[in-house]
Amino acid sequence: MVKVKPYEDDCCLMKYIAASEQSKCRRLQLQGVKIPLYKFGNQSSLDNYVGLSCTHEEDQSLLDTLLLAQWEDRAWKGLLGYDVTTCEIKVICARRKFVCQLNEGWNMDYFPKPKEEKVFQQSELSVYCMNILREELLFSVSNGEKAIPELIHSATVPNDANLIFVINANPVEYGHVFLVPRGFYGLPQSMDARVLEMVTRVAVEINNCSLRIFYDFSASIANHLYFQACYFANPLPVELMPVVNVLGNWQEKGIHISEVADYPIKALTFEGNGNLKLLVEVVAEICSCLQNQDIRYCLLISSCGKKMFLFPQLHMLATTCTLSAWECGGHFVFKERNDFDRATEDILMKRMAAVSLTDEAFEAVKQLSCSVAGKLAS
Amino acid sequence: MESQLGLIDQSFNARYTSWVREALDELPDNFTITDPSISGHPIVFASRGFLKMSGYLKDEVIGRNGRIFQGPRTNRRSVMEIREAIREERTIQLSLLNYRKDGTPFWMLFHLSPVFSKEDGRVIHFVSVQVPILRKLRSEDGNRWQETVFGSCRREVCSDTVIELARCRALDSFVDSDNRVLEAEESCEANDLEKQKAATAINSILSVLTHYSEQTGRLVCGKRCNSSVMCPLSSSLNISLGRIKQSFVLTDPHLHDIPIVYASDAFLSLTGYNRHEVLGRNCRFLNGPDTDPKAICQIKESIQSDQACSVRILNYRKDGSPFWNHLHISPVRNATGRIAFYVGVQIEEGCKNEGTRGLSPEMRILGTVGAVKVAVRSLSMGAGSSKS
């Protein structure tokens, strides 16, 4: 039976090694660590994805059970800063039904950032060190050879392309994890179709509409690509907003691009019907174009991987006023009871509108998206 | 799929005598009946009128969820309102854009009403009546149209419409090519006659259902009867919990003696009891002569201190046979952050690992606890429940 055991406080060292300045490639090493490994089936679940909206019809999936079990295990062992389910949530009774959460233990900048002061500039070699408790590693996910997905209880993390699931000890909701990609010819720094494909497959195979996956790109921070995910029991407000369809040849390929209407932060949605592979290619290409132009954005993946929201944001120098992907989606976390009690739709609308692009800039992002989608769909 | 269809047949046959389908088919209205207790909340009956209007064959809709009729222009807010009404088990009436099988959209007045069991106040079915809204809205004279809509609609629809109208003008640049569709997206309000028609249809369907349930002794009614002591879980929570195939129960610590308020199918097959034999009872009926009092004490202590605990305890089935139960108990909190239930997950020691897909017993237990916590976290979060 499960027993409470004190978690080992030995740290496993994750090293980012920028082998050379030319390649701009970073590698992440996990030495001698054994964690559960989930291997996808050899038939990509993105190829023939013909889900309606989320499929309530099916039982809890293997990957869903694995993630929830590992998370609950760590929560029970006391690894987390607080029990996030004790945090009060309320819906603001107004048109957009924003969700507010009171979370006094919340710390926005939790992700263990590479310790910049430890960067060694030895000729062309720099080493970033990132400390993650061994117990914080939940499991990894990689491609597999068998027809159906497979779970291996204890395995060293493979060297080829995989995602490591790391618990966020500072969760914003139940099941909050980091998804850290590894082994994609080094650690990818910018959005990459292969990484996004794997992340989308995770969303498809978890097959739980409560799960949302987030990605925040901030041009100002030295980037290491990672995603976050957690379970929100109810729809995020942005998912309920009306949309206006943007027409184009991508519709013939089952891709729908829309603009979210009547929402304080301008946003685009990308939806795939039966063609998630193309959806992933389109979104990844748009994201990497935005990154090349240093345009800050957030990505929200919902509906079991079928739908992606893109929130481009103003690039504001010398301000920390940016929104995380869940804030863009309409879920706000408050540290102070006072702020939580006083939150109104107006206040939140202003916060969102402050980072929303101007009409011209958003039009440019839309044009870019259409041209990328048009090219890839043809 | 076979078993699903079996459940659907049973959904009707267990409540009503055999001629109920014929009687319902004689009604001229367009309606469907759905069962929230079957996983996926499928349609269990579709009227002739409905099939004719939607262009589907009967077999194409039975067993499916009502969302198959929605399409890209269906207002998502309306869909949310319907979902909210299902969650709160109440009646709702609104205009909705649905799609026929051939993909053509049509406006109709959607009226949903729950059907309750007289016996325990549970929701047995939902009836959805659909009255087509025939007239067309024109946008040639934008202002006039706006006024017309403004005058006749309910408050929330009207504010939506005006804002959306303003929005659609602002976005004219890229909707030119498809104005017709966009126009259809705007709200289309039913008149009093149509609303009356929907209400009348609901009444006649309810009276047929009530009549045909009389002879089975399992009466249904259109209003919840408060005869029962138990407060049943909402349909939407039932739907979420139905996906979890592990043996578990939810108990309510706010009720006297912490009774079971939900028992999964796997719990019933593990213990051999029927659902009605366990609902409303404290879990101690599983204990027997050789159950270790220390284990029982440990469970009590953990509940008193709001903590989770795992114990190995000797339990007894209905037929008296004992089994070693790896029991995990954990508090489960709702959106307010307060404890709503305790979940108890049971795994029988030494039972075969069939269908466990490589998951260890610990993982199956904790994965169940996690899924229950996520599902219950949605409770009491409906708009309006928030007080600052």
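Convention: sequence-line order gives letters A, B, ...; per-chain numbering from 1.
None of B:Thr368, B:Leu366, B:Val374 except one satisfies the side chain to side chain contact (heavy atoms under 4.5 Å, CB included) rule with A:Leu68; the exception is B:Val374.
Looking at residues two or more places apart in sequence or on another chain, you find no ring pair (Phe, Tyr, Trp, His ring centres under 6.0 Å) involving A:Tyr231. For A:Trp250, the ring pair (Phe, Tyr, Trp, His ring centres under 6.0 Å) criterion is met by no residue, not counting sequence neighbours.
Per-residue counts of heavy-atom pairs under 4.5 Å with chain B were compared for A:Met241, A:Glu150, A:His153, A:Glu239; the largest is that of A:His153. Counting heavy-atom pairs closer than 4.5 Å to chain A, the top residue among B:Glu349, B:Met80, B:Gln70, B:Gln246 is B:Met80. Ranked by heavy-atom pairs under 4.5 Å with chain B, the first of A:Ala69, A:Ala233, A:Pro36, A:Gly175 is A:Ala69.
Taking a 6.0 Å sphere around CD of A:Gln367, one finds it holds more than 12 heavy atoms contributed by other residues, nucleotides or ligands. More than 12 heavy atoms of other residues, nucleotides or ligands shown are found within 6.0 angstrom of CD1 on A:Ile347. A:Lys146 NZ: 12 or fewer foreign heavy atoms inside a 6.0 Å radius.
Once rounded to the nearest 0.5 Å, the distance linking OG1 of B:Thr336 with CG of A:Leu102 reads 12.0 Å. To the nearest 0.5 angstrom, A:Thr85 atom OG1 is 9.5 Å from B:Asn334 atom CG. To the nearest 0.5 angstrom, B:Arg333 atom CZ is 6.0 Å from A:Thr86 atom OG1. Interatomic distance, CD of A:Glu173 versus CZ of B:Arg377, reported as 4.0 Å (0.5 Å rounding). Here OG of B:Ser310 is found 3.5 Å from CH2 of A:Trp76. Values are rounded to the nearest 0.5 Å.
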Going through the checks in order, is the side-chain contact (heavy atoms from CB on, under 4.5 Å) test met by B:Met363 and A:Leu66? CA-CA 7 Å; B:Met363 279 184 178; A:Leu66 175 65; 3.7 Å; yes
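A:Gln70 touches chain B through its side chain: at least one heavy atom from C-beta onward sits under 4.5 Å away, while N, CA, C and O do not. Contact annotation for A:Thr344: neither backbone nor side-chain heavy atoms come within less than 4.5 Å of a heavy atom of chain B. No part of A:Pro149 comes within reach of chain B, as not one of its non-hydrogen atoms sits under 4.5 angstrom from that chain. Proximity to chain A is absent for every atom of B:Ser240, based on heavy atoms less than 4.5 angstrom apart.
Proximity of B:Ile365 to A:Glu72: side-chain heavy atoms (C-beta onward) are nowhere separated by under 4.5 Å. You'll find the side chain of A:Asn208 reaches within 4.5 Å of the side chain of B:Arg243, heavy atoms only.
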